[in-house]
Amino acid sequence: MTQVLKVAVPAPLAGALDYLPPRGAPDIPAGVRVRVPLGRRAVVGVVVGRGPAAVVPDRLRPVRAVLDERPVLDGGLLDLVAFAAGYYHAPLGEVLALALPAPLRKGAPAQPRRPLLWRLTAAGRAAPAAALARAPRQRGLLERLRAGPVAAAALSAEDRRAAAALAARGWAEAAPAPVAPPDPGVHRPALTPAQGAAVAAVRAAADRFAVHLLEGVTGSGKTEVYLRLAEEAVARGGQVLVLVPEIALTPQTLRRFRARFGGRVVAYHSGLAEGERLAAWAALREGEAAVALGTRSAVWLPLPRLALVVVDEEHDPSYKQQEGPRYHARDLAVWRARRQGCPVVLGSATPALETLHNARRGRFRHLRLAERAGEAVLPRLELVDLRREPQAQGIARRVLAAAEAELAAGRQVLFFLNRRGYAPTLLCTACGWIAGCDRCSVRLTVHGAGAVLRCHHCGARRRPPPACPACGGALLGVGRGTERVEALLRARFEGVPLTRIDRDRARRRGALERLLAEVAAGGPRIVVGTQLLAKGHHFPDLTLVGVLNADQGLFGADFRGPERAAQLIVQVAGRAGRGRLPGRVLIQTHAPEHPLLQRLVREGYAAFAAAALAERAAARLPPFAHLALLRVEAVDAAAAEGFAAAAAKAAAGLGEGVEVLGPAPAPIERRAGRHRWQVLLRAARRSALQRLLARWAVRLEGLPGARRVRWGLDVDPLEMA
DNA sequence: AGCACGCCGACT
DNA sequence: GTCGGCGTGCTC
Ligand SMILES: [Zn+2]
Ligand SMILES: [Zn+2]
């Protein structure tokens, strides 16, 4: 039998393809990139192993070129890629692509180049301001460099040419960036007893796999625990992976890590340029960097000396990828730590129910930081019954009065409403017509106090009609979003500085950070916002939080709605009453008797979680059952439905112990012009579900119409929409 | 995913 | 008679 190289290629194939080794290099180690022929093009693949050929010898073609001297992926990462491809039923090449920065996927050399830093020479600094009038690129760069050195990797191609031109004039130069030392005067706060106990518990098993759930409210000092453990791991020569949610990777967070680790920490997130990503990747691979601080995709970074994994805000839904291979970074981080034999710390004020369940079963160790660090007191939660309380425009008088009192006392107040825009519905008062999106089966949201209608699912925008297109009646914006609440509060609290914080106000990079910093600095006295407010900054003057609509998640179709709602309420509540001031949280609801809400308000998140888990158990929902979702979408409604129906039929006889639910239209039946259907699988055992999925995935590809629809499997789906 | 092949409608 | 539509199949 011919010995071949197993090569993963960028094509939607479940496994690797066989290639003959190139002449003179029979033994290429796994993890090395190769250029191989695929059909009639040449692609970059990655060797994942060796073995006897699985196809007849005359189909075998040779590897054309070997691109690396050393593997770009070590055994641990290759295993992670293979596991994820299998578990999430995603093509191997697609998962592999996640683990390689774009330049490497295109075949660029992986050899580490020390990151270069452009800076001005003395002559450049002395250059007259009016210089380079006829070279705007160079002039722009000159001005940029006056503010400080700029990483070469951060320059666009045009700026790179401009930099070379400036160098030719003797005004600028590129030099290797020095690795900054940690801040020598860094303040290491004394650990509270609970923090000390948590550090000790993880340290006691620092050299083997264990999952520690670190539960602690906002302000309890989880980050300090991470930092201490990371310092110890780095001191032993290890590397640390720290995952944070998308919106938490702020300059402030990075500064905190830089103070401890200097230039040995690298940030990794979607906002980086390709070159910066490659530089971070290379620094970790070479061990020059010791700490990777990043969002979801950082779970794929090379960490040959990985000694500790931290997943902060482990319950955060942004860890689940919602396209392509739908992996969960927290779950993969745990898998990676097990493979590596190192501890994982999952931190949260509001752990995911799955995580709490694992802790209760003894799979995870449960560490608690009960008290707040310093003298801060936890805020008190109170329900406000919207059915009884007199109200103005959806805000109870009692809430407004409480806000007024706090403002008068010089405090800040926050209104939380997880709904952007002015009004969620535009309604005809005469006939009941509702403005809907042409391309989606959803209502359009009124923005700009009625100036524009927007679809939050496909981005469509249009002017609202002057009158009802059906009957000519008058149109009315019904319901409230943050924009409208902003307007109401501006009218009610005239002259009080107010800011609104939502995705519409914080579109550009850094805008959110700036808005939050303004609040922390005390400028705005009233804050209105969405879940963007749930994380990060400490608002020392904030003493009152109004949750305007607690019912939103409580009564939604998604079984995770209550969990998500409780997490948001607790996190937003965490903004209040840090420092010595006690905080108060008023929660508006139409269902104050709701048992889960009662539990949350009276006994806190842990009691809520216990009750919610009991409901999940009774309903046979995760974590007491395992789900997988087949999502199908197509412009042609019948094609989507037909494929989903055929898929459901194909699943029926495929395995024991798996329920097939559906086909059914997705909760949002049409989105961006595509009709959406789904089939849900449920099993008591993960193994039974996986067995069925493996067989099903193969059949699905061969189903008629598989090429006419878009379809994909979502294992452990977070959102059913 | 690409990229070919192939088999039917309307065009120089 | 050909140009091109996109359904189907394959890539070691
Ligand atoms: Zn009407
Ligand atoms: Zn839409």
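In what follows, chains carry the letters A, B, and so on, assigned in the order in which the sequence lines appear, proteins first and then strands, with residues in each chain numbered from 1.
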Q. Taking atom types as modelled and ignoring hydrogens, do the side chains of A/Arg277 and A/Tyr268 form a donor-acceptor contact shorter than 3.5 angstrom?
A.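 Result is yes, a qualifying pair exists.
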Between [X] ([atom1]) and [N] ([atom2]), how many Å, whole number?
X: A/Asp58; N: C/dC12; atom1: CG; atom2: P; result: 12 Å
X: A/Leu13; N: C/dT11; atom1: CG; atom2: P; result: 10 Å
X: A/Arg59; N: C/dC10; atom1: CZ; atom2: P; result: 9 Å
X: A/Leu92; N: B/dA1; atom1: CG; atom2: P; result: 16 Å
X: A/Arg707; N: C/dC10; atom1: CZ; atom2: P; result: 11 Å
X: A/Leu60; N: C/dC12; atom1: CG; atom2: P; result: 10 Å
X: A/Arg61; N: C/dC10; atom1: CZ; atom2: C1'; result: 12 Å
X: A/Leu5; N: C/dC12; atom1: CG; atom2: C1'; result: 11 Å

Checklist entry - Quick check, are the ring centers of A/Trp300 and A/Tyr327 under 6.0 angstrom apart? => result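 Between A/Trp300 and A/Tyr327, the centre distance is under 6.0 Å.
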Item checked: Note: A/Asp27-A/Arg50 ion pair, threshold 4.0 Å (strictly below) ->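 Salt bridge present between A/Asp27 and A/Arg50.
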Residue from A/Val32, A/Ile28, A/Val46, A/Val47 passing side-chain contact (heavy atoms from CB on, under 4.5 Å) with A/Asp68 =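 For A/Asp68, the side-chain contact (heavy atoms from CB on, under 4.5 Å) test succeeds with only one of A/Val32, A/Ile28, A/Val46, A/Val47, which is A/Val32.
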Original post:
Pick the nucleotide of DNA chain B nearest each of A/Glu94 and A/Arg40; which residue has the one closer to the 5' end?
Top reply: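 With A/Glu94 and A/Arg40 compared, the 5'-side residue is A/Glu94.
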